[in-house]
Amino acid sequence: MIASIVVNRPAAARQLFVLFHGAGDDAATLAPLGRRLAAAFPEGFVVVLPAPAARADFLAAVAHWQAQSGVAPAATALVGFAAGAVMALEATKESPAVAGRVVALAGRFEALPADPAPETTIHLFHGKEDPVAPYAGTIEAAQRLLALGTDATADVLPFTGHEVSDEMAALVLERLRGYLPQRYWKEALQADPTQAQGAV
């Protein structure tokens, strides 16, 4: 496998976070975010590695770490920066789903999706001052995802460039810890339809 940094390897992992950095960077670029994820999710297996150029290699890397950690796709979060975000977003087009969550930082789809990703929640983050990848791509992606019915959030941070700033990292943790995926909400309502009364 390609070079990687295992930030946290719990005895019995309940979640898997696979972080993919962009071209020209190394694993140390996303290691600080990896450490924050490990602190927030002590039972999470956290690994940082470069994003492969080929989609098949990307999917193989995800499958490898799922096997290493013993964590299923539903409890897997792919976190990508720049080129890593592109690959993570493209992976949401796979069926069955590769991951339950995808966090895209300063990246966009190679081509906007034509179908929803019902088993994946997608969190988009972008710096408004990004000179490398304009944030308009994130807005366009969010509009398409929501139109398709995919569970997605989008955050554009002012005064932030092509980087994973401290503010962006904090917001990533906030989304991962505090945002309840719509599929779980729908499952809860189906299990107890009376809860739907008065639901917004």
Side-chain angles (χ1 to χ4, degrees), residues 15 17-25 27-37 39-41 44 46 48 50-51 55 58 76-94 97-185 200:
Q15 304 99 4
F17 299 89
V18 188
L19 287 68
F20 293 94
H21 60 76
D25 293 324
T29 305
L30 286 182
L33 178 57
R35 288 191 289 270
R36 292 180 73 155
L37 288 168
F41 300 93
V46 182
V48 184
R55 188 167 172 176
F58 181 92
T76 297
L78 306 181
V79 182
F81 174 70
V86 173
M87 296 301 290
L89 287 172
E90 288 298 311
T92 65
K93 298 174 181 178
E94 296 292 318
V98 174
R101 299 245 195 173
V102 165
V103 176
L105 310 165
R108 59 182 299 170
F109 285 97
E110 288 181 353
L112 291 175
D115 300 301
E119 299 174 59
T120 305
T121 297
I122 301 174
H123 300 292
L124 305 166
F125 300 88
H126 221 115
K128 193 171 184 179
E129 305 302 323
D130 190 331
V132 177
Y135 77 92
T138 282
I139 301 299
E140 186 179 24
Q143 291 172 338
R144 173 62 65 86
L145 291 169
L146 294 175
L148 290 171
T150 295
D151 190 8
T153 66
D155 292 278
V156 176
L157 287 72
F159 315 116
T160 300
H162 193 68
E163 61 184 320
V164 182
S165 65
D166 185 68
E167 181 185 9
M168 187 179 288
L171 198 52
V172 167
L173 292 178
E174 182 179 321
R175 290 283 177 265
L176 290 174
R177 287 188 298 193
Y179 183 85
L180 179 67
Q182 291 180 11
R183 61 187 180 279
Y184 297 143
W185 177 245
V200 177

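- Between the side chain of Glu163 and the backbone N or O of Gly161, at least one donor-acceptor pair lies under 3.5 Å.
- Listed by chain and number, the residues in a salt bridge (charged side-chain N to carboxylate O under 4.0 Å, His left out) with Glu129 amount to none (sequence neighbours excluded).
- By the neighbour-count criterion of 12 heavy atoms within 6.0 Å, atom CZ of Phe109 is densely surrounded, having more than that number from other residues, nucleotides or ligands.
- Looking at Thr92, its side chain does come within 3.5 Å of a backbone N or O of Leu89 through a donor-acceptor pair.
- Scored by the salt bridge (charged side-chain N to carboxylate O under 4.0 Å, His left out) test, Glu90 finds Arg55, Lys93 as partners (sequence neighbours excluded).
- Take Arg36 and apply the salt bridge (charged side-chain N to carboxylate O under 4.0 Å, His left out) test, not counting sequence neighbours, and it matches Asp166.
- At a cut-off of 3.5 Å, with distance as the only test, no side-chain donor of Arg144 or Thr150 sits close to an acceptor on the other residue.
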Review point. Taking it one step at a time, do Arg175 and Thr121 satisfy side-chain hydrogen bond (donor to acceptor under 3.5 Å, both in side chains)?
Key: CA-CA 10 Å; Arg175 290 283 177 265; Thr121 297; over 6 Å; no
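- Of the possible donor and acceptor atoms, one in the side chain of Asp151 sits under 3.5 Å from a partner among the backbone N and O of Gln182.
- Leu78 pairs with exactly one of Val103, Val98, Leu19 by the side-chain contact (heavy atoms from CB on, under 4.5 Å) rule, that one being Val98.
- A donor atom on one side chain and an acceptor atom on the other are found under 3.5 Å apart for Thr153 and His123.
- You'll find the ring centres of Phe20 and Phe81 outside the 6.0 Å limit.
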